[in-house]
Asks: 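To start, I am sharing the structure in question, which I have written as C-alpha cells.
Note: hydrogens, waters and symmetry copies are ignored here, and every other heavy atom, side chains too, is used. The first residue in the sequence is number 1, and the count goes up from there. It should be emphasised that the depicted structure is a prediction, and the values quoted were computed from it without experimental measurement.
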Amino acid sequence: GILGKVMSALDTPACDARGNASAGSGRTSYKTGLYAMSGAVPRAMTGGPSLALAIDSRRGDIRRLSEYEQLWHHIENLTAAPSRSVFAETHSRVLGRAIQDAETLGDAIDAATTTTTFNDCCDVGGGCGCTFAMALRTVARVIKARSATGVQRAAFWMGTRGVDAHASMDSPGDGIMSMIDNSVDDFRKEMVAQGLWDKVTVITLSEFGRTIIGNGRGTTHAWGGNHLIYGGAVNGGRILGQYPSRLGPEGERTRNDRGTIIPTEPWESMWQPIAQWMGVAPCDLPKVMPHLRNFPVAGEGRVLRAEDVLV
C-alpha cells in the first residue's frame, strides 16, 4: 500500500536527500508509525516496516495483547529463535515490534489529553455516535504522545460512510460534510494548540469518482473527481488541475455519454508532494510510486512536487 511504502522508505532509506547511495552518505531515517482508526487495517497501510496498529476510535484506545504480562516472555522466547526462512524472520520481527508498539502507545494514549473540545463528539462511552470526531480526537492524543512513543513520522487512516449518490441525489451528504468540517476544524485547533499544525497534512481519498450525468436516480462510478489537501504547511486557496471548459458528453475531457471525466492530475500528484514533504529520499520515490516513470520529469504532464503544493 502507498502509506506502507512511504513509511518503509522513511524507515530504511536507500540514499540521502541528494540521491547519494554510497555507504558513507548521510541517510536520514525516521521511526515511523501506522495507525488504523477504523479498526480494520486498509491495504494502503500494508507493506510498512511494522504492522499498522488498530485503534478503537469509539473507545479511544488501542487494541493490545490480552494478558501481556503473562504472555510476552513466552512470545519473546518463541520469536527469538533463529530461522533459515526470511519469511519467518520477518514475521517474528514485525510481530514483536507490533506488540511492543501497542503496549507503549496504549500507555502513552492513556496519559495524553487534549485541550480542545470536539463539539461533534462526546465522552468516551457516551454512545452518541460521533465516531469520526472521536477518531480525530484520538489522532490528536496519539500525536501528543509522540515523545513517549518516539515516533517521528506517522500516518493515520480513518473514514466515514453515507455519501454514496448512486441511487439518489438526496443523500445525507450535506449533514456528513458539515460534521466532517466541524470535526476537522476542532482537530486543527488542537494541532495549533500543540504547535504542530504546520507539521500535519490531511488529505481526502475515495476509490472512484462520479459521473456528471445522472443514471436516472443518482450518479455512477467514474474516474475524475475532486479531493482536498489541507494543513499548516499547505499553500492553500488554490485548485490544482484543470476544470473542464464544457460539461456533458461533448466536453473535451468527457470520455463517454455517461459523463465520465478524464482527470488532469494522476494520484501521483497527490502522493509525491506528501512523500517528499515527509522526507522520502529521491531514489526511493520510484519504489513508493512505480508509475512515476510514465510521466515526464519536467514540462507539461509532469507530476506535482512538494514545492507545488506545500510551503
Asks: Which residues pass the side-chain contact (heavy atoms from CB on, under 4.5 Å) test with Ile99, sequence neighbours left out?
Replies: Leu65, Tyr68, Trp72, Ile75, Leu95

Asks: Does some side-chain heavy atom of Glu252 sit less than 4.5 Å from a side-chain heavy atom of Ser245?
Replies: yes

Asks: Under the disulfide (SG to SG under 2.5 Å) definition, can you give me all pairs with a residue in residues 188-300, not counting sequence neighbours?
Replies: Cys15-Cys283

Asks: Rounded at 0.5 Å granularity, tell me how far OG1 in Thr116 sits from CD in Gln194.
Replies: 8.0 Å

Asks: Decide yes or no for Phe156 and Ile143: does some side-chain heavy atom of the first lie under 4.5 Å from some side-chain heavy atom of the second?
Replies: yes

Asks: In Å and rounded to the nearest 0.5 Å, what is the CD1 to OG1 distance from Ile55 to Thr138?
Replies: 7.0 Å

Asks: Output all residues satisfying ring-ring contact (aromatic ring centres under 6.0 Å, His included) with Phe208, sequence neighbours left out; order by chain, then residue number.
Replies: His221

Asks: State, to 0.1 Å, how close Ala36 and Pro42 come at their nearest heavy-atom pair, and which atoms those are.
Replies: CB-CD, 4.1 Å

Asks: Who passes side-chain contact (heavy atoms from CB on, under 4.5 Å) against Gln70, sequence neighbours left out?
Replies: Glu67

Asks: For Trp267, check ring-ring contact (aromatic ring centres under 6.0 Å, His included) against everything at least two apart and list the hits.
Replies: His227

Asks: Minimum heavy-atom separation for Ile261 to Trp223, with atom names?
Replies: O-CB, 3.5 Å

Asks: Identify, with sequence neighbours excluded, every residue that meets ring-ring contact (aromatic ring centres under 6.0 Å, His included) alongside Phe187.
Replies: none

Asks: Taking Ser269 for its side chain and Leu304 for its backbone only, find out whether a donor-acceptor pair lies under 3.5 Å.
Replies: yes

Asks: Of the non-hydrogen atoms in Gly33 and Val151, which two are nearest, and what is the gap between them?
Replies: N-CG1, 3.8 Å

Asks: Can you tell me which residue pairs pass the disulfide (SG to SG under 2.5 Å) test with a partner in residues 179-267, sequence neighbours excluded?
Replies: none

Asks: Restricting to side chain to side chain donor-acceptor pair (under 3.5 Å), what partner residues turn up for Asp181, sequence neighbours left out?
Replies: none

Asks: Considering only heavy atoms from C-beta outward, does the side chain of Val288 approach that of Ile2 to under 4.5 Å?
Replies: yes

Asks: Measuring only between side-chain heavy atoms, which start at C-beta, is Arg188 closer than 4.5 Å to Val200?
Replies: no

Asks: Could you report the tightest heavy-atom contact between Ala154 and Met7, atom names first, then the distance?
Replies: C-CE, 3.9 Å

Asks: Is Tyr243 linked to Ile212 within one hydrophobic cluster, defined over Ile, Leu, Val, Met, Phe, Trp and Tyr using a side-chain heavy-atom separation of less than 4.5 Å?
Replies: yes

Asks: Kindly state each residue pair satisfying side chain to side chain donor-acceptor pair (under 3.5 Å) with at least one member in residues 299-311, sequence neighbours excluded.
Replies: Arg302-Asp308, Arg305-Glu307

Asks: Checking Ile213 against Arg258 for the side chain to side chain contact (heavy atoms under 4.5 Å, CB included) test, could you report, in this order, the C-alpha distance in whole Å, the side-chain angles of both residues, the deciding distance, and whether it holds?
Replies: CA-CA 6 Å; Ile213 297 175; Arg258 297 169 57 198; 5.6 Å; no

Asks: Compare every heavy atom of Ala135 with every heavy atom of Met158, then report the nearest pair and how far apart it is.
Replies: CE-CB, 3.5 Å

Asks: Are Leu136 and Asp186 side-chain neighbours, meaning at least one heavy-atom pair lies under 4.5 Å?
Replies: no

Asks: Check step by step if side chain to side chain contact (heavy atoms under 4.5 Å, CB included) holds for Leu285 and Gln276.
Replies: CA-CA 8 Å; Leu285 289 173; Gln276 291 176 321; 3.8 Å; yes

Asks: Measure across Ala133 and Phe118 and return the closest heavy-atom pair with its distance rounded to 0.1 Å.
Replies: O-CD2, 3.8 Å

Asks: Using a 4.5 Å cut-off on heavy atoms from C-beta on, say whether the side chain of Thr201 contacts that of Val309.
Replies: no

Asks: Run the numbers on Val6 and Ile274 for side chain to side chain contact (heavy atoms under 4.5 Å, CB included), then give the verdict.
Replies: CA-CA 9 Å; Val6 168; Ile274 296 294; over 6 Å; no

Asks: Counting distance only, does the side-chain N/O of Ser183 pair as donor-acceptor with the main-chain N or O of Met179 below 3.5 Å?
Replies: yes

Asks: Name all residues meeting the ring-ring contact (aromatic ring centres under 6.0 Å, His included) criterion together with Tyr30; count only those two or more places apart in sequence or in a different chain, and write none if there are none.
Replies: none

Asks: Kindly check if the number of other-residue, nucleotide or ligand heavy atoms within 6.0 Å of CG (Asn226) is above 12?
Replies: no

Asks: Are Leu78 and Leu51 joined in one hydrophobic group, where the rule is that I, L, V, M, F, W and Y side chains link up if heavy atoms are under 4.5 Å apart?
Replies: no

Asks: If you apply the rule side chain to side chain contact (heavy atoms under 4.5 Å, CB included), what do you find for Ile109 with Val142, and how did you get there?
Replies: CA-CA 6 Å; Ile109 290 178; Val142 174; 3.7 Å; yes

Asks: I'd like to check the side chain to side chain donor-acceptor pair (under 3.5 Å) partners of Gln242; sequence neighbours left out, ordered by chain and number.
Replies: none

Asks: Does any non-hydrogen side-chain atom of Pro273 lie less than 4.5 Å from one of Leu310?
Replies: yes

Asks: Just wondering, are more than 12 heavy atoms of other shown residues or ligands nearer than 6.0 Å to CZ in Arg43?
Replies: no

Asks: Between the main-chain N or O of Val303 and the side-chain N or O of Glu268, is there a donor-acceptor pair closer than 3.5 Å?
Replies: no

Asks: Hey, are the side chains of Thr32 and Pro49 touching, using non-hydrogen atoms and a 4.5 Å cut-off?
Replies: yes

Asks: Would you check if the side chain of Arg141 reaches a backbone N or O of Ala112 as a donor-acceptor pair within less than 3.5 Å?
Replies: yes

Asks: Can you name the residues that form a salt bridge (charged side-chain N to carboxylate O under 4.0 Å, His left out) with Lys287, not counting sequence neighbours?
Replies: Asp284

Asks: Are Val192 and Tyr230 linked, directly or through intermediate hydrophobic residues, by side-chain heavy-atom contacts shorter than 4.5 Å (ILVMFWY only)?
Replies: yes

